[in-house]
Colleague: 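Before we start, here is the structure in question, set down as structure tokens.
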Number of protein chains: 2
Amino acid sequence: MKPTLQAVADAVGVSRSTVSNAYSRPDQLSPALRTQILAAARELGYAGPNPTARSLRRGFVGAIGVLFTSQLSYAFTDPFAVRFLAGVSRAAERHGTSLLLVPLPDDPAGARQAVENAAVDGFCVYCAGDESWALDVIGDRGLPYVTTAARIGAGTDHRYVAIDERAAARSAAEHVAALGHRRVAFLGDGVLPDAPSGPLRLSTADEVPHPTTRGRLAGFQDAFAAVGVDWSAVTLLTAAGNSRAAGADAVRDLLADDAPPTAVLACSDVLALGVLDALAARDRRTAERHPVSVTGFDDIPEAAEAGLTTVRQPAEEKGRIATELLLEPPADPAAGQVLLDTELIVRTSTRPVRS
Amino acid sequence: MKPTLQAVADAVGVSRSTVSNAYSRPDQLSPALRTQILAAARELGYAGPNPTARSLRRGFVGAIGVLFTSQLSYAFTDPFAVRFLAGVSRAAERHGTSLLLVPLPDDPAGARQAVENAAVDGFCVYCAGDESWALDVIGDRGLPYVTTAARIGAGTDHRYVAIDERAAARSAAEHVAALGHRRVAFLGDGVLPDAPSGPLRLSTADEVPHPTTRGRLAGFQDAFAAVGVDWSAVTLLTAAGNSRAAGADAVRDLLADDAPPTAVLACSDVLALGVLDALAARDRRTAERHPVSVTGFDDIPEAAEAGLTTVRQPAEEKGRIATELLLEPPADPAAGQVLLDTELIVRTSTRPVRS
DNA sequence: ACCCCCTTCTGTATCGATTCAGAACTGTAT
DNA sequence: ATACAGTTCTGAATCGATACAGAAGGGGGT
């Protein structure tokens, strides 16, 4: 059995409080006694106060939870999420706060419990699906949280760091529209939950449950509606998961059409890269006859190498700011609602439509 | 003030134990009462048992610590570390265990405390520097740990998942030697602590403190010694940090020499990519006059795109196995010491020396 | 000498739950 | 009617520390 504070106190012949002070408040006892206590502790193999007991008594933990509303291991697959995490860890590092990555089981009850049982002082929620249930649980626990998307219907004290998804997506779509493209496809991840990869019919973007995807699709729609391309004229594609493979799967059949779209607008770089993969896999003649422009979203490092036209959003900064917002809440609630700038990065994956 | 278990008990008119059972051992009370208790809890805004108190009483936490013996944010910068983390998270996910990423302050005392204060059931230690102090602290706390490198002088019960660094490095060096290269440079990260980027003199690889780097340098040396190239004839380079920029910095001066080495063997892909950057930055004439072969180590995704010859080690598997070893220790201690296979991947960055 | 203050240390209450032996109650077999 | 076995619930002890009010001891000023 590992020795406790009490054991050390007994060994030295002082009270528990004094030993506690030796560790946590050195100014409360004489240096000589402190040295003696620490020596005795080493002797006994006491490695310092039990973190759990300390947290219980002190009322705080020194760790924040990071929640991905999707598989945790997915977070390490998406370069954007990794950059976000890098930002989070940088801010946490500065505050001496640890990061608790909480995996969420697939079943709702289990996921709920995971959030209830996390020993943390607050949550940084990376929105990648339906997270409102989690925010409710966190709220019930009385813990603060910060999200990466504005929560609809939340009060003015709700802190978040987001981008204007719709405007950002529109900027990409306007660029593509300006190049003359009129027969286009929109590609999103999980546009409708559980829908298989491939085309989908939807009367309006409002039907998409996930707010980020909804916003981006709406932005695409805005730009094309402005040049007279009706929503019903665009092909809407969904991918089963935000992965390169899923992106490729989603467009494969469409590309085999007689008259495939001249441009595909994807809701993420990862999906867009998958589209590029699928395009590269076509035979030479098809590729020449039907060139396809592609845009992504996020501007992950791989996008530059692939020459992908995309919308850049500052990933690391998003993570860093979110964490800072959580760890040191601004006095002014308005300062807790951050909208980051985005920038259209034009590369070689978008070209004028062949006339 | 958030309600406690006691508050719920009082509201329903039962004992604390019963409320506790309602959450943790549903079979210990009648379904009717349980329903009533949960309803009352919801009513009061009680979000379930306090995780910290529960951990204290139960004696375990449900989280494992992940320790990078370097800046935590660095972990998200190195693709190899990210793949490793992906493996860790996959295994943790399956066990319903959370991951506590602990940032280590620069000062030794603070770093020690960070390890002492982490509320976890065990540690997964990613070796990337000097970690023996941390292992000592973890051991003193009576917690289990798994490392990514064999610990010298550790007992047969020490669990780790590693590769044969020396043999792996030798395989790369033999390939380069077979291509006829004799004037070569070895490049490592932090070959000597605090040494600035650039050349270094060392009488033997044994002087390198970090075991991984030491093993790899020794492996390089083995192969070249076998073809008659003495240790004193190779240029030893150190980089200040495992980054592309540091790798480029380390070789820049050397490349400007009249007779630069014909090959650079790096201890990581990240450094090797930096070398490629530096090579690409030379003017055309120099590049043609002095072609340089380059090898890396790890086989990160970027290596393939860059055509980098490298030694592949299974990153995700390393993380996954390490975590499994921690969470479900094998009965047979020998099964706790895993050596993974490596494979030399020959690409275009190595070519026969010009005769 | 006396009083007061300051430093150093002690004792007790407390953080919020879980555990486990046993009490109370119910129903069943004898 | 009695004993016995289950089920359901209770109470006290416990996990390992920290906070805070106050006791003890030492020194300076008058």
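Letters A, B, ... are given to chains in the order of the sequence lines, protein chains preceding strands, and every chain is numbered from 1.
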Colleague: Do A/Leu104 and A/Val115 come within less than 4.5 Å of each other through their side chains, counting heavy atoms only?
Modeller: yes

Colleague: Please report the distance, rounded to the nearest Å, between CG in B/Asp121 and P in D/dC15.
Modeller: 18 Å

Colleague: Whole angstrom is fine here: how far is it from OH in B/Tyr23 over to P in C/dG16?
Modeller: 15 Å

Colleague: D/dA19 P sits how many Å from A/Phe60 CZ, rounded?
Modeller: 9 Å

Colleague: Let's see if you get this right: which residues in residues 14-22 of chain A place a heavy atom under 4.0 Å from DNA chain C?
Modeller: A/Val14, A/Ser15, A/Arg16, A/Ser17, A/Thr18

Colleague: Would you kindly give the CZ-to-P distance between B/Arg34 and D/dT7, to the nearest whole Å?
Modeller: 18 Å

Colleague: Test side-chain contact (heavy atoms from CB on, under 4.5 Å) on B/Gln28 and B/Ser20 and set out the steps.
Modeller: CA-CA 10 Å; B/Gln28 293 298 299; B/Ser20 172; over 6 Å; no

Colleague: Check this for me: does any side-chain nitrogen of one of A/Glu116 and A/Arg141 sit under 4.0 Å from a carboxylate oxygen of the other?
Modeller: no

Colleague: So that I can tick it off, tell me whether B/Glu324 and B/Arg320 are bridged by a salt bridge, with the cut-off set at under 4.0 angstrom between side-chain N and carboxylate O.
Modeller: yes

Colleague: Have a look at B/Ser24 and say if it touches a base, only the backbone sugar-phosphate, or nothing, with a 4.0 Å heavy-atom cut-off.
Modeller: sugar-phosphate

Colleague: Taking only N and O in the side chain of B/Ser30, is any of them less than 4.0 Å away from OP1 or OP2 of D/dC9?
Modeller: yes

Colleague: Between B/Arg151 and B/Glu131, is there a side-chain N and carboxylate O pair less than 4.0 Å apart?
Modeller: no

Colleague: Within the modelled atom types, does a donor on one side and an acceptor on the other bring the side chain of B/Arg57 and the base of D/dT14 under 3.5 Å apart?
Modeller: yes

Colleague: Rounding to an integer number of Å, can you tell me how far A/Arg25 CZ sits from C/dT8 P?
Modeller: 14 Å

Colleague: When you get a sec, tell me which of C/dC9, D/dA17, C/dG16 is the closest nucleotide to the side chain of A/Leu56?
Modeller: C/dG16

Colleague: Taking everything shown except B/Asp106 itself, do over 12 heavy atoms lie less than 6.0 Å from its CG?
Modeller: no

Colleague: Nearest-Å distance, CD (A/Gln36) to C1' (C/dC9)?
Modeller: 13 Å

Colleague: Just to be sure I understand the geometry, which residues of residues 40-49 of chain B put a non-hydrogen atom under 4.0 Å away from DNA chain C?
Modeller: B/Tyr46, B/Gly48, B/Pro49

Colleague: Please work out if A/Leu5 contacts a base, only the sugar-phosphate, or nothing of the nucleic acid, heavy-atom cut-off 4.0 Å.
Modeller: base

Colleague: With under 30° as parallel and over 60° as perpendicular, where do the rings of B/Phe84 and B/Phe68 fit, or are they tilted in between?
Modeller: perpendicular

Colleague: Just how far, in rounded Å, is P of D/dA19 from CG of A/Leu29?
Modeller: 14 Å

Colleague: Using a 4.0 Å heavy-atom cut-off, does B/Ser55 contact any base of the nucleic acid, only the sugar-phosphate backbone, or nothing at all?
Modeller: nothing

Colleague: More than 12 foreign heavy atoms under 6.0 Å from CG of B/Asp27: is that the case here?
Modeller: yes

Colleague: Can you tell me how far P of D/dA17 sits from CZ of B/Arg54, to the nearest Å?
Modeller: 21 Å

Colleague: Less than 6.0 Å separating the ring centroids of A/Tyr160 and A/Tyr145?
Modeller: no

